[in-house]
Amino acid sequence: MTSDPSYYRWTQWIFLRLFSHWYDKAADKARPVEELIAHFRQHGTHGLQAFSAEYRSFSAQEWSSMSPVDQAEILMNYRLAYRKESFVNWCEALGTVLANDEVKDGLSERGGHPVERKPMLQWSLRITAYAERLLGDLEKLDWSDALKTMQRNWIGRSEGAQVFFRLDGHQQCLEIFTTRPDTIFGVSFMVLAPEHEWVQLLTTPDHKEEMDAYLTYVKTRTERERQSEVKQVTGVFTGAHAIHPFTGELIPVWVSEYVLKDYGAGAIMAVPADDERDRAFAEKFQLPVPEIIDRKEWPDAGREDRRGWLVNSGFLDGMLIPDAIEAVIRRLEQEGCGARRVNYKLRDALFSRQRYWGEPFPIVYNRDGVAVPVPDDQLPVTLPDLDNFQPTKEGKAPLARLAEWVQLADGSMRETDTMPGYAGSSWYFLRYMDAGNATSFAGEEELQYWKEVDFYIGGTEHAVGHLMYARFWHKFLFDLGRVPTAEPFRRLVNQGMIQGVIESLWLAREKKDGSHYFLSADLLEEKDRSQYVAIPVLIDFVRDYGTDLSYLDGEGLGKFVAWRPEYKEAIFECGQGVWQNGQFMPKKAGAVSSRMVTYSEVGKMSKSKFNVINPDDVVATYGADCFRMYEMFLGPIEQSKPWDTKGIDGVSKFLRRFWAMYVGEDGKMLLSEDAPGREMERILHQTIRKVRDDLERLSLNTCISHFMICLNELRRLECRSAAVLEPLIRLLAPFAPHITEELWHRIGHQGSVHLAPYPEADPELLLADEILYPVSINGKKRAELMAPRETAPSDLERAALSLPDIQRWLLGLEVKKVIVVPGRMINIVAG
RNA sequence: GCCGAAGUGGCGGAAUGGUAGACGCGCUAGACUCAAAAUCUAGUGUCAGCAAUGGCGUGCGGGUUCGAGUCCCGCCUUCGGUACCA
């Protein structure tokens with residue numbers, strides 16, 4: 001649906017709104033760019049509180065004298081959809097950009113080619129402008145705490161200070177962010193991210209060679225690796241020095257991959273005395289570690305507890321940490337070399353993809369290269385047909401191949417990147433409210449009627465991706481007055497993931513005799529594991545799928561290399577022999593067939609893992625109702641588990657028996673108008689109550705078992721009474737929508753069963769006349785007692801004590817106390 | 001490391017502090033059938049016993065309680081999330 005032009009027309013439309021709006025921090029909402037331009041014209045940047053990437057100030061006059069190209073560039077700093085240089089995982093050999101998922105240990109998952117971090121001009125969405133609201137509004141939502149915590153951590157708000165350090169021999173000041181400005185007297189070095197724009201500028205000639213080598217090394221490392229290998233400390237000295245704002249001391253400036261470009265200012269002041277990473281770095285490179293916090297009074301306190309007295313810290317000496325933080329910020333502000341600052345871990349969302357399948361951007365570039373929106377009345381910009389979906393040699397998106405599509409008559413050129421999957425998925429729920437609307441993404445009246453999504457059931461895998469983007473788009477549309485609520489999803493429950501088994505082959509990192517070399521999983525020893533990369537295999541090729549010994553036979557290997565031509569000539573070491581180019585060469589006589597064991601692990605079912613099981617097959621065999629009920633029956637909704645059809649027959653039997661209750665083998669209806677027995681009514685009403693209760697707490701698996709129990713009992717009673725069986729259809733309708741609808745019509749109703757009222761339990765009919773009491777001695781059950789519902793506790797006690805079994809057990813014991821819980825149990829305390 | 005969740009038969013799982021293992025799968029036996037499938041009936045935690053019956057049983061060790069899978073304390077294990085976040 002999101003890939004249909006009549007839908008993505010509105011995705012493009014929303015994108016253009018994002019493009020033409022900026023975030024006003026004073027009003028705390030998005031406003032049209034025209035208003036920003038008006039402000040620039042009158043006041044320049046004076047008095048402006050806007051969310052932007054760079055802080056630049058200019059006067060009204062300076063603005064007016066700028067060229068249109070320069071003005072456009074300035075505006076890009078403010079637009080909510082904007083273009084900037086971003087780092088991507090570039091794979092030269094494949095000529096494409098890869099997702100973090102597709103890169104393993106610096107090599108592409110496909111083919112094992114080197115991948116490097118490369119800056120490219122990309123569209124991004126300024127979600128960071130909404131960070132505070134995305135954080136604050138979480139409070140109002142009826143979501144699980146686990147999910148809220150995840151979003152909070154992802155947004156990662158931290159309070160601290162930005163500090164500017166003058167640089168020795170340079171004009172510029174180096175900006176850093178710290179949550180602990182009080183430790184400023186403990187700074188013994190500075191660290192820049194390798195991508196920091198001043199690395200080249202600051203590196204002195206005698207350190208240049210070492211720095212270039214280091215930067216080359218860092219390029220081969222993905223962000224994920226840089227963040228996961230905590231133990232290895234690497235870095236290079238630039239040769240430059242910063243000047244301490246209070247002491248005037250010279251502080252060496254280093255570059256290290258442990259500092260990330262996109263967080264804070266991309267540079268830190270390192271305080272080895274109070275930061276583990278800084279300390280490890282100082283130890284490795286023998287930098288001083290000045291002590292500045294005295295924690296003697298709080299021996300158990302960690303860094304996070306912020307307990308301690310400041311020492312060796314100039315004017316901060318003798319202060320407690322929280323007081324020192326306040327004092328130092330005040331002083332930094334007075335001296336104009338720093339300010340209080342709130343920082344977020346959340347980063348702007350990369351919105352460009354160099355792929356074919358995606359919504360085209362409704363953007364053209366004029367002769368000056370300025371991005372210009374396609375007018376609303378020319379939307380949608382549709383995805384043109386293409387016969388080659390590869391990126392171009394220069395790394396441009398596949399659409400760039402279509403010169404006649406890209407090049408417009410007036411000399412301007414179309415954007416050739418496409419939008420990512422989450423573009424369409426960020427607002428689809430709004431389209432459901434008014435799917436056919438041709439003049440708006442959804443009509444105002446419809447939006448007012450439906451408002452937001454009352455109840456959203458989704459997997460945790462969307463916790464910080466989809467759910468964050470959708471909230472952001474929704475808030476933006478709310479600012480525009482286009483949706484009535486500030487949040488899209490009021491209540492949210494995380495269902496467990498249906499997992500799959502991921503099957504992979506081990507590929508050696510090093511080629512053997514110039515060929516790719518795969519090793520059967522049963523032959524790989526633990527110690528050699530780091531020398532191999534797991535290459536996922538389409539599970540259709542695998543024999544004994546899901547077992548420890550799942551494998552590819554010769555046929556499977558043939559399919560594998562046909563599917564992955566880059567491994568056409570690879571060597572497959574199978575143990576008993578070697579398979580290559582469709583031939584199996586046994587090592588010794590007697591080995592007949594190849595058996596390439598795959599590595600199996602339970603994980604999410606995902607297109608990228610090639611382990612998706614299509615429910616169509618199950619639906620074709622068992623029907624959609626059965627599939628639906630079996631999924632419910634599997635277990636608690638929030639629990640993840642691998643997909644397994646082992647128990648599906650039970651549900652299938654239930655549905656067939658259910659049908660057989662109503663319809664005879666000759667197709668005739670079996671219902672009678674006879675008055676139902678009391679027991680039948682009780683069974684029905686107890687089932688109604690239990691199903692309603694369990695539905696309320698989303699315990700769907702127990703609902704299904706209540707239906708099974710109900711059916712078993714009604715079958716035992718040979719129930720045909722319409723007074724019982726008619727409400728039962730309505731009760732089952734949400735669980736088995738098709739079969740119930742069919743039965744509903746067969747028993748003579750016209751409308752849909754799904755519009756009929758849901759049955760309510762009659763409390764009068766719920767209670768059984770007799771209750772079977774367990775009789776325990778000291779908490780151990782020794783006998784049972786059947787008694788009428790209204791029996792008084794004292795009578796129950798007498799009856800229990802007189803049971804023969806109980807008398808036998810009580811021989812030689814003294815009864816000390818009898819506990820009777822009416823309707824529940826009887827316990828005799830004896831000793 | 002931190003945060004979160006969970007440990008119950010051969011398996012998926014059930015149990016407001018009150019009969020542990022509901023319901024289903026699987027398995028065993030029987031009925032129907034020439035036979036099989038399908039269907040139906042019965043049994044199925046474990047140990048001892050022909051049986052009646054009894055002992056033991058919810059990861060491990062303690063505790064609270066008339067009574068603990070459930071509550072409390074301490075451990076173990078597994079799964080999920082997350083991490084050079086300055």
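As the structure is a computational prediction, the values presented were derived from the model and not from experiment.
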A.B. asks: Please determine if a side-chain N or O atom of Trp154(A) lies less than 4.0 Å away from the OP1 or OP2 oxygen of rG81(B).
C.D. replies: no

A.B. asks: P atom, rG12(B) versus rG63(B): distance in rounded Å?
C.D. replies: 32 Å

A.B. asks: If you look at every strand shown and take non-hydrogen atoms under 4.0 Å, does Leu772(A) touch a base, only sugar-phosphate, or nothing?
C.D. replies: base

A.B. asks: Under 4.0 Å from OP1 or OP2 of rG80(B): is there any side-chain N or O of Gln639(A) that close?
C.D. replies: no

A.B. asks: Heavy atoms only, 4.0 Å cut-off, all strands: where does Asn827(A) land among base, sugar-phosphate and nothing?
C.D. replies: base

A.B. asks: Would you classify Asp278(A) as touching base, sugar-phosphate or nothing, given that sugar-phosphate means primed atoms plus P, OP1 and OP2, and contacts are heavy atoms under 4.0 Å?
C.D. replies: nothing

A.B. asks: Heavy atoms only, 4.0 Å cut-off, all strands: where does Arg657(A) land among base, sugar-phosphate and nothing?
C.D. replies: sugar-phosphate

A.B. asks: Nearest whole Å is fine: how far is rA6(B) P from Ile637(A) CD1?
C.D. replies: 16 Å

A.B. asks: Describe the nucleic acid contact of Ile819(A) in one word from base, sugar-phosphate, nothing, applying a heavy-atom distance below 4.0 Å.
C.D. replies: base

A.B. asks: Report yes if at least one side-chain N or O of Ser158(A) is closer than 4.0 Å to OP1 or OP2 of rA86(B); otherwise report no.
C.D. replies: yes

A.B. asks: Classify Arg157(A) by what it touches in the nucleic acid, base, sugar-phosphate, or nothing, heavy-atom distance under 4.0 Å.
C.D. replies: nothing

A.B. asks: Could you tell me whether Tyr773(A) contacts a base, only the sugar-phosphate backbone, or nothing, with contacts defined as non-hydrogen atoms closer than 4.0 Å?
C.D. replies: nothing

A.B. asks: What is the glycosidic conformation of rG57(B): syn, defined as within 90° of 0, or anti?
C.D. replies: anti

A.B. asks: Just checking, any donor-acceptor pair under 3.5 angstrom between side chains of Thr234(A) and Glu257(A)?
C.D. replies: yes

A.B. asks: Using a heavy-atom cut-off of under 4.0 Å over every strand shown, decide if Arg152(A) touches base, sugar-phosphate, or nothing.
C.D. replies: nothing

A.B. asks: Establish, yes or no, whether a centroid distance under 6.0 Å links the rings of Tyr258(A) and Phe281(A).
C.D. replies: yes

A.B. asks: Quick one: do the Thr702(A) and Ser699(A) side chains pair a donor with an acceptor below 3.5 Å?
C.D. replies: yes

A.B. asks: If you find the nucleotide of RNA chain B closest to Asp649(A) and the one closest to Lys817(A), which residue's nucleotide is nearer the 5' end?
C.D. replies: Asp649(A)

A.B. asks: Pick base, sugar-phosphate or nothing for Lys345(A), based on heavy-atom distances below 4.0 Å to the nucleic acid.
C.D. replies: base

A.B. asks: Is it true that Ser652(A) and Arg656(A) share a donor-acceptor pair across their side chains at a distance under 3.5 Å?
C.D. replies: yes

A.B. asks: If you take atom types as modelled and just measure distance, does the side chain of Arg808(A) reach the base of rU53(B) with a donor-acceptor pair under 3.5 Å?
C.D. replies: no

A.B. asks: When rounded to the nearest Å, what value does the distance between C1' atoms of rC40(B) and rG49(B) take?
C.D. replies: 33 Å

A.B. asks: What's the closest nucleotide to the Arg824(A) side chain, out of rC40(B), rG18(B), rC25(B)?
C.D. replies: rG18(B)

A.B. asks: Fit a plane to each ring of Phe627(A) and Trp643(A), take the angle between them on a 0 to 90° scale, and name the class: parallel (under 30°), tilted (30 to 60°) or perpendicular (over 60°).
C.D. replies: perpendicular

A.B. asks: Does rU53(B) have a Watson-Crick or wobble mate here (both distances under 3.5 Å), and if so which one?
C.D. replies: rA48(B)

A.B. asks: Does Arg341(A) reach a base, just sugar-phosphate, or nothing at all? Heavy atoms under 4.0 Å.
C.D. replies: nothing

A.B. asks: OP1 or OP2 of rU39(B) less than 4.0 angstrom from a side-chain nitrogen or oxygen of Arg656(A), does that happen here?
C.D. replies: yes

A.B. asks: Rounding to an integer number of angstrom, what distance separates rU58(B) and rC71(B) when you compare their P atoms?
C.D. replies: 15 Å

A.B. asks: Mind checking Lys653(A) for me? I need base, sugar-phosphate or nothing, with any heavy atom below 4.0 Å counting as a touch.
C.D. replies: sugar-phosphate

A.B. asks: Taking pairing as Watson-Crick or G-U wobble with both contacts under 3.5 Å, can you name the mate of rC11(B), or confirm there isn't one?
C.D. replies: rG24(B)

A.B. asks: For a quick check under 3.5 Å, do Gln151(A) and Arg471(A) share a side-chain donor-acceptor pair by atom type?
C.D. replies: yes

A.B. asks: For a quick check of understanding: with a heavy-atom distance under 4.0 Å over all strands, which category does Trp643(A) fall into, base, sugar-phosphate or nothing?
C.D. replies: nothing

A.B. asks: Among the candidates rC85(B), rC66(B), rG12(B), find the nucleotide nearest to the side-chain atoms of Leu634(A).
C.D. replies: rG12(B)

A.B. asks: Among side-chain atoms of Asp348(A) and Thr128(A), is any donor-acceptor pair under 3.5 angstrom?
C.D. replies: yes

A.B. asks: Students often get this wrong, so: under 4.0 angstrom with heavy atoms, is Glu638(A) touching a base, only sugar-phosphate, or nothing?
C.D. replies: nothing

A.B. asks: Which base, if any, makes a Watson-Crick or G-U wobble pair with rC79(B), both distances under 3.5 Å?
C.D. replies: rG4(B)

